[in-house]
Amino acid sequence: MFLRAVDPSRPASWSAAVADLLSSGDPVAALAVFAAALRANPAALRPALPPAFRAAAAATSLAAGRQLHLLALRSGLFPSDPFSASALLHMYHHCRHPSDARKAFDEIPSPNPVIITAMASGYARNSLFYPSLALFRALLVSGSATAVDEAAALVAFSASARVSDRGITSSLHALIAKIGLDVDAGVVNTMLDAYAKGGGRDLGAARKVFDTMDKDVVSWNSMIALYAQNGLSAEALRLYGNMLNVGGGIRCNAVTFSAVLLACAHAGTIQTGKRIHNQVVRMGLEENVYVGTSVVDMYSKCGRVEMARKAFEKIKEKNVLSWSALITGYGMHGHGQQALDIFDEMRRSGQNPNYITFISVLAACSHAGLLDKGRYWYKTMKKKFGIEPGVEHLGCMVDLLGRAGCLDEAYGLIKEMKIKPDAAIWGALLSACRIHKKVELAEISAKRLFELDATNSGYYVLLSNIYAEAGLWKDVERMRLMVKARGIEKPPGYSSVELKGKTHVFYVGDKIHPQHKEIYSYLGKLLETIQEAGYVPNTSSVLHDLDEEEKESAVRIHSEKLAVAFALMNQVPGSIIHVIKNLRVCSDCHTAIKFISRISGREIIVRDLQRFHHFKDGSCSCGDYW
DNA sequence: TTAGGGTTAG
């Protein structure tokens, strides 16, 4: 351990030794040196007390802190010495005793800005945002705008990002503007974050701040990340383009890439994703664990697991997120056994799984129908890894068991669970009830679902289909009326296809696309061709208030069919077709695309809400199990 | 005294 030579006669030498030990990460040793200092030379108390308080704070040792407090009182350094006073407050806040800090603060006759800032920061650290804001406000109103105020503003904004109270950020913002406090990009970036993550969750306000500020890399990265994290992929990608073009020479870095790759993953834009990956490689950032994991995730979610695997190998220090991303990737593509092999590899490498890893593992089992493996890991996660299954794990299990026909076991799991089951769990059970035609259990699940989320049309449709398949037409009619009475609308399904870097979106039966006439006539011929090859339209996924003929025409123009037709017309012959669908792919489209893949000799990859379908030579990678 | 941005599930 480094310890500079102490000259016992010089008090400053002792305080330097305490501070050195503290900054080298050994607060306990720092406190020991402090004690030795006092024995050797009582005059060392004054300079060494503040670093000693900081050492107690770093060690979160309340007992040591209280002793120091006593010492400060007896020697008269508290409350007269401002350095000791601010360090004392800092100590109490760090030890999570803000009320003791407050008592001490009230004993200080006229606290200076440093002391007030310490107090305000401490409050913020303990999530006591209102008292922090009050002090911050008082500080700004009373004094001149100084560097201390700026530090306090930073703390205040970062706290307001974590507090669910709309208005706090804007009131702080207004206060700063009114005072004319000159804040740097660091503070404004924190403000931007506070607008977007705080109570209001106001991305528009964040964007306004962003547009008017002097931007640095962090500003661009923050705004891009905020869009990406909130699912606004197109905005994130557009902003990334702006950064490159008009960013004023600001170079993107690893953080930019991990944020923008998230947007690609979400949007499924393989072409843009590849371009950005190339850039990552050129800049030598493949080994970076954040960037690398984002690349893995991007390729997985854009349909290229083998590319994801290659990118994974390049990551120098893989962490639990990297492994989980890869497991998820294999799982989404229906490669359950490979996902489990990666999971084995992960454990052999010494990496411990976490809560999310087990979601990935169980989801992989569920997508591939690996019933016993799923049961095993569900039990083992707690037994061997001490991770208590949560709603997400239960959801995977209900899905897995339900589809395999073990409905009683699935229902049993739900009932024995301590956590309140969410809509995803009851939804999984309801879907299973449809597959296995269990009307009674379907009604139980649907009842729960309507309580949890009465506006989701999907559940009504499912239940209605279950009734229809059981020939319970009166109940079908009852459902239809219920949907009508409650004013529930089906969210529009859409599919998208990327062509030359541009994303084309198709809605059911939409006529917005400039090529729509050609697309419809092409699709018409295509459907005729596959009907000759044996395809029979299946209309069971359409709401039952249409007659058969209407149903058939509704199914004919489903968005995924439009998207596939568009891609076949426009893409380079032989290239892989990628379609992204915002809902679960319907069973008629699933059948049709299998035929299309055979007739056209093309590979078609469809990403739906939860997984991938690779259509090739007339069959699908999901094995019709989805 | 204080110090801004990123990756894994559903």
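In what follows, chains are A, B, ... by sequence order, proteins preceding strands, each numbered from 1.
Atom-to-atom, CD of A:Gln229 to C1' of B:dG6 comes out at 8 Å; the value is rounded to the nearest Å. Separating the NZ atom of A:Lys314 from the C1' atom of B:dT7 is a distance of 19 Å, rounded to the nearest angstrom. Nucleotide B:dA9 holds its P atom 7 Å from the CE atom of A:Met332, rounded to whole Å. Distance A:Leu261 CG to B:dT8 C1': 14 Å, rounded to the nearest Å. In this structure, A:Met298 atom CE and B:dG6 atom P are separated by 20 Å, rounded to whole Å. In this structure, the OH atom of A:Tyr378 is 20 Å from the P atom of B:dA9, given to the nearest Å. When rounded to the nearest whole Å, the span between OH of A:Tyr330 and P of B:dA9 equals 16 Å.
As judged by a 4.0 angstrom heavy-atom cut-off over every strand, A:Ala228 is placed among residues making no nucleic acid contact. Using a 4.0 Å heavy-atom criterion, one finds that A:Leu262 contacts the sugar-phosphate atoms exclusively. Across all strands shown, A:Ala120 has no heavy atoms under 4.0 Å from either base or sugar-phosphate atoms. Residue A:Ala259 is out of contact with every strand shown, counting any heavy-atom pair closer than 4.0 Å. Within the 4.0 angstrom heavy-atom criterion, no nucleotide atom of any strand lies near A:Val187. Residue A:Val291 is classed as a base contact, given a heavy-atom separation below 4.0 Å to a base. Within the 4.0 angstrom heavy-atom criterion, only backbone atoms of the sugar-phosphate kind lie near A:Leu154; the bases stay farther away. Within the 4.0 angstrom heavy-atom criterion, only backbone atoms of the sugar-phosphate kind lie near A:Ala225; the bases stay farther away. Residue contacts shown for A:Ser324 include a base, since a base heavy atom lies under 4.0 Å away.
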**OP:** Run the numbers on A:Arg347 and A:Asp344 for salt bridge (Lys or Arg N to Asp or Glu O under 4.0 Å), then give the verdict.
**Re:** CA-CA 5 Å; A:Arg347 290 177 349 263; A:Asp344 281 341; 3.1 Å; yes

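Between A:Lys103 and A:Glu107 there is no salt bridge, since no side-chain nitrogen of the basic residue lies less than 4.0 Å from a carboxylate oxygen of the acidic one. Here A:Lys420 does not pair with A:Glu451 in a salt bridge; the nearest charged N to carboxylate O distance is not below 4.0 Å. Salt-bridge formation is not detected for the pair A:Glu345/A:Arg348: no Lys NZ or Arg NE/NH1/NH2 atom is positioned less than 4.0 Å from an Asp or Glu carboxylate oxygen.
For the pair A:Lys301 and B:dA9, the criterion of a side-chain N or O lying under 4.0 Å from OP1 or OP2 is met. Taking 4.0 angstrom as the limit, A:Arg611 places none of its side-chain polar atoms (N or O) nearer than this to OP1 or OP2 of B:dG10. The shortest distance between the side-chain N/O atoms of A:Gln610 and the OP1/OP2 oxygens of B:dG10 is not below 4.0 Å.
Although no hydrogens or angles enter the test, the distance criterion places a donor-acceptor pair under 3.5 Å between the side chain of A:Thr380 and the main chain of A:Tyr376. Under a 3.5 Å cut-off, the side chain of A:His333 and the backbone N or O of A:Tyr330 do not form any donor-acceptor pair. A donor-acceptor contact shorter than 3.5 Å is absent between the side chain of A:Asp297 and the backbone of A:Ser300.
A heavy atom closer than 4.0 Å to some atom of DNA chain B occurs in A:His90, these being the qualifying members of residues 89-109 of chain A.
When distances run from any side-chain atom of A:Val114 to the nucleotides B:dA9, B:dG6, B:dT1, the shortest one goes to B:dT1. Taking only side-chain atoms of A:Thr293, from C-beta outward, the nucleotide of B:dT1, B:dG10, B:dT7 with the closest atom is B:dT7. Of the listed nucleotides (B:dT8, B:dG6, B:dT2), B:dT8 has the atom at the smallest distance from the side chain of A:Leu321. For A:Ser294, whose side chain is taken as the heavy atoms from C-beta onward, the closest listed nucleotide among B:dT7, B:dG6, B:dT2 is B:dT7.
Taking the six-membered ring for Trp, A:Phe78 and A:His69 have ring centres closer than 6.0 Å.
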